[in-house]
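Provided herewith is a single structure, encoded as structure tokens, for subsequent inquiry.
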Amino acid sequence: MVRKMRAWDAAPAERDLMKLLVEKVENRVGGRSGSKIQREIKRVLSTHAKADGWLEAPTLARALQATWLVGLEQGEVLNFCDGLAARMPGGKLSCDRFAREVAAAAAGDAPAPAPSRGAAPGERRLDVATPDAGSYHNPVQVQRATGGSDVDVERAKALKTVLRDELERTARAELGAWTADDREVRKTASSALLRRCRALCERGAKRSQRRLALAQWCVALRGLAVAAGLPAPADAVLAALWAACDRGDYGKFARDLFEAPRAPPEVVRGGRGAAAAVPGMRVAVDSPPPSPSWLAPEASPRGARVLGGLTPVRVHGLGRPGAEPSASAVAYFPPTRTVLFACGSSVVVDDLDEDDGQRVYCGHAEAVGCVAAHATRPVACSGDAGAVHVWRLRSLEVLQVLGRGLFRGVRHVAFLGGHALAAAGADGGRDGLPFLAVFDSETGDVLGEHLVSCGRGGEVRCLASCPTDATTFGTAGDGHVAFWTLERSGGLREAPGRFGAKVARAATTHALAFSCTAPGVAFSGGSNGRVYVWRDGVCLASFAAHGTRPVRSLSCAPAGDAVLSAGDDGAVRRWAGPRLSAQGDCAIVASKRPASADAAAAAGAAVAGVVYARCLDGDGAAALAATARGTLMTVDVTTEAGKRGAVDGRKIRSLVVEGHVGPARDVAAHPTDGATFATCGDDRRVVTWTLDRKLKHATLPRAATALTYSEPSGASLVVGLEDGTVHFLDAESLDDAHGFEALRETAVTALAFSPDGDLLAVGARSGKVLLFDPRRTAKPLASLSGHHAAVEALDFGVEGSGLVVLRSQDGAGELFYWAVDGKASRRLTRRDDLDDHASWRWKSWTARDATRGIDAVDRAHGRDAYVVADADGLELRSAPAAAPDGPPDELRRGVVHTTKVARLAFLADDAHVVSLAKGDRAVVVWAADAGENYATGEHYSPGPSSASPAYLEAQVSQDDDAENFPPDAEEDGDWPF
């Protein structure tokens, strides 16, 4: 009988490579569970196995090199695979057997081999390709995690100190040796170390993997040492350092390296020829250069303190940037009449019957694509690019994070009966095929998983659970309708949907729903505008529901036989009765019905219809509906006829969420009302808001690219358009008072009023800045040139003698200062002009420091605080500078936007902040969680010296037919009722 081979029974070289493989797979699955390890290995290697399940050694070697053993020489991996196959019965290796061997090695209880000082005579050494120095001998055969000799440990400590000093020296040289403070230097050096380590993480796990295997650890640190000009460290020293850092925890290593208290380093100052007494142990730096003859005002004061965090309290918008909302992005919890919808990387929870505002779940780090609520328990789930989060509806507490490593993108989720939860998306492997998995939402166990057959390039479009059978659910998509059963013993059983002889199938199925009262009955919506009726997996009939437009959503009434459908024709319709006749209709989006299917296909994505409909009562007479434009509302689905293509305004009960229908571009806070602000966007809309609702909107001739309130009263709202015109609107009614052409053949990208309101600055996409008297706009007072990119920020201020100054910044980060003096306005470039810049008083502060990773900034009106947006989110700081050492975790309350934050605005009361992101239609209101350092302070207050400069006065020169709905249903096939 052939004894089962364990990892410690192999040759030393194969044993070490097996341990390296185990570490990589454990990092991927997030633990040492044997079942998870086997499932992951079989999932990845199943596509490489032959039809009979056997793996050839060369094929296995190539698969391992492409997944877990990246960087190892092909010959060594091939020898490893040959050795494994030789120990198998018959000399053959199957995918299942290999998975069991790796799992057995992970669970093995044999002690690790004693560390040795070098390779034994005749022992093979693994050559690992490195990006810096060609190759080196893999230290897995020299040193293991047990540490090493005392000499190696001491050398590892010395290497740690020298590496820290050299990284800081390099960071200081990048930032500017005489201007960057120690905190910035340490943060930059830490980032360089982390980037190097993350680059060597296994593919697809750069965000989740926290430890490096020993071979990859040595590649990272050896490369850093060589790049810093240090001798290449010995293998045993690197292995000792790896063991001391909790087996390659590079995050812990970076924290220990740059955050531990230490004495100031001994510095030898002098020329480049100066050297330390012990080479590599001290840092030799050059003498400081002489002070420049010209010094610009400090754009971003350093040494900023963290004052507090921000919590999202209201989200006006639906969906994520770059994609229209879909039915999977909205969910409904009937017991408490709670609506859930995804927006960016957050999920918004809104109770229809309560006025306590929204609750925002911010546990995701990436865009949320789907959300679902349990039928009876106050639990919800949401899916992002690689995992499913299960959390409580009321407290927003995270219960489980499921499916890490299984998915490349989770697109649909649904609760089954009990604690089961189904998720569909793209396979986490290299093939990216449609993939389905069922989890236990309480324990996190995988109950079943299966690839979904959707044809070449197809995908799953919808996932629905059966309310009458806790083990049944269905999927549908491109050329695919299937019904699934969760077996009691584990696993999934698929039953492909079958179409009757008299029923023509649709190319794509966008919607699927199960009857709440009739077991085995289901409905699906096709891209041809028809609703299909199913019983026990067989399609028996279909009827025309939305003309030739696709059916996007279906919902069955909790009681009775009513069915709601929503489609791209902009209507929600109710079907009931023995043969599902039309019983109600509500047109939400104005849309003209195309004359043919070809015309509908030509309309394509330009059609903005209804993407979601859900019954709110027992018979389906009231519905929750969402449109592709991002509006969520409750409507009456009644039999009252309306005009074809027109909106039935009388049937709309309430608006739950509304906002921009295109990307928002700019935001402005009212100067005196602490609860009012305005936004504009590419949808040509200007919208005014309070904290919790929309007030009014106006539509302009072109896309609106910038706006600001007039000073000091805020009576007018000034909007700049992409065609270069500027419009003055009444701030309350949004009536267009007047407009003028400020720019020719270029867009307005920034607007700003002087504190007294007598001066309007207009920034252009071409880089120009024009100054106007808002009362006489026929001719600009001055034209300021110098920027080479679009102007993004304009701030007015007053210098010590009362002269009005202007600060402008473009998209490339270039910052200019201007002395405003009518036609004599000039750019400040001499040191004498700027000596007293510390006493300048600024009305606003929107200029950002892009070189330090700041995306947007704004200053509070009456407090000494700034809101700063960077890659980590939003934060309150004492200056518009980079974060000092990284904020405390409790101050970062989550990130809603998934793209770069483009605009920020403090409201007049300084208690709330509004943010917009690039390409995003969502408008997010944040509450400023002030800490004890959120101190009050006096800022700019207009004085007599800047009220109405007399010199400005001298520089100004005057110069479809109505038809009844719903349509009669076109029937074919047999009916199950």
Side-chain angles (χ1 to χ4, degrees), residues 327 434 452-456 458-466 468-469 472-485 493-557 561-569 571 573-583 593-594 596-598 600-601 609 613 620 966-977:
V452 183
S453 300
C454 290
R456 186 176 181 86
E459 64 179 76
V460 176
R461 302 283 182 175
C462 55
L463 169 68
S465 60
C466 179
T468 60
D469 187 349
T472 300
F473 62 98
T475 59
D478 297 328
H480 152 80
V481 177
F483 300 92
W484 304 80
T485 301
R493 177 166 53 86
E494 180 185 10
R498 295 173 295 154
F499 286 84
K502 299 181 181 180
V503 181
R505 67 181 64 189
T508 301
T509 300
H510 293 283
L512 184 66
F514 285 86
S515 172
C516 298
T517 57
V521 176
F523 306 90
S524 64
S527 56
N528 55 1
R530 303 182 72 84
V531 172
Y532 294 81
V533 185
W534 301 77
R535 169 171 281 177
D536 298 329
V538 179
C539 183
L540 303 178
S542 71
F543 62 93
H546 294 270
T548 56
R549 303 287 183 88
V551 179
R552 295 292 181 180
S553 179
L554 291 169
S555 175
C556 295
D561 56 0
V563 179
L564 291 184
S565 64
D568 277 356
D569 61 349
R573 297 196 171 93
R574 178 175 179 268
W575 312 89
R579 300 181 65 84
L580 289 183
S581 58
Q583 298 291 326
R593 175 174 293 182
S596 63
D598 294 337
D968 296 333
E970 179 186 344
E971 307 171 5
D972 62 6
D974 300 323
W975 291 80
F977 303 108

Can you tell me how far apart CG (Leu564) and CZ (Arg574) are? Round to the nearest 0.5 Å.
7.5 Å
Check the side chains of Arg573 and Ser565 for a donor-acceptor pair under 3.5 angstrom, ignoring hydrogens and angles.
no
Which distance, rounded to the nearest 0.5 Å, do you find between the CG of Leu512 and the CG of Leu554?
8.0 Å
How far apart are the closest heavy atoms of Ser527 and Ala506, and which atoms are they?
N-CB, 4.0 Å
How many angstroms lie between CZ in Arg498 and CZ in Phe483, if you round to the nearest 0.5 Å?
10.5 Å
For residues Tyr532 and Arg505, report the shortest heavy-atom separation together with the two atoms involved.
OH-C, 3.6 Å
Taking every non-hydrogen atom, the tightest pair across Cys556 and Cys516
O-SG, 3.8 Å
Please lay out, stage by stage, how Phe499 and Cys539 fare under the test side-chain contact (heavy atoms from CB on, under 4.5 Å).
CA-CA 5 Å; Phe499 286 84; Cys539 183; 3.8 Å; yes
Can Ser524 and Trp534 be counted as having a side-chain donor-acceptor contact under 3.5 angstrom?
yes
Does any non-hydrogen side-chain atom of Phe514 lie less than 4.5 Å from one of Val521?
no
How about Thr475 and His480: does a side-chain donor come under 3.5 Å of a side-chain acceptor?
yes
Closest non-hydrogen contact found for Pro519 with Thr468 is CA-OG1, 3.9 Å
Does the side chain of Leu540 reach to within under 4.5 Å of the side chain of Val533, using non-hydrogen atoms?
no
Is there a side-chain contact between Arg461 and Thr509 in this structure, where contact means two heavy atoms from C-beta onward sitting under 4.5 Å apart?
no
Say you draw a straight line from CG of Leu580 to CG of Asp561; how long is it, rounded to the nearest 0.5 Å?
6.5 Å
With no hydrogens and no angle check, just 3.5 Å: does a side-chain donor-acceptor pair link Thr472 and Trp484?
no
Less than 6.0 angstrom separating the ring centers of Phe523 and Trp575, yes or no?
no
In terms of heavy-atom contacts, Asp568 and Arg549 come closest through O-NH1, 3.0 Å
For the pair His510 and Arg552, evaluate side-chain hydrogen bond (donor to acceptor under 3.5 Å, both in side chains) and give the outcome as yes or no after the intermediate values.
CA-CA 5 Å; His510 293 283; Arg552 295 292 181 180; 3.2 Å; yes
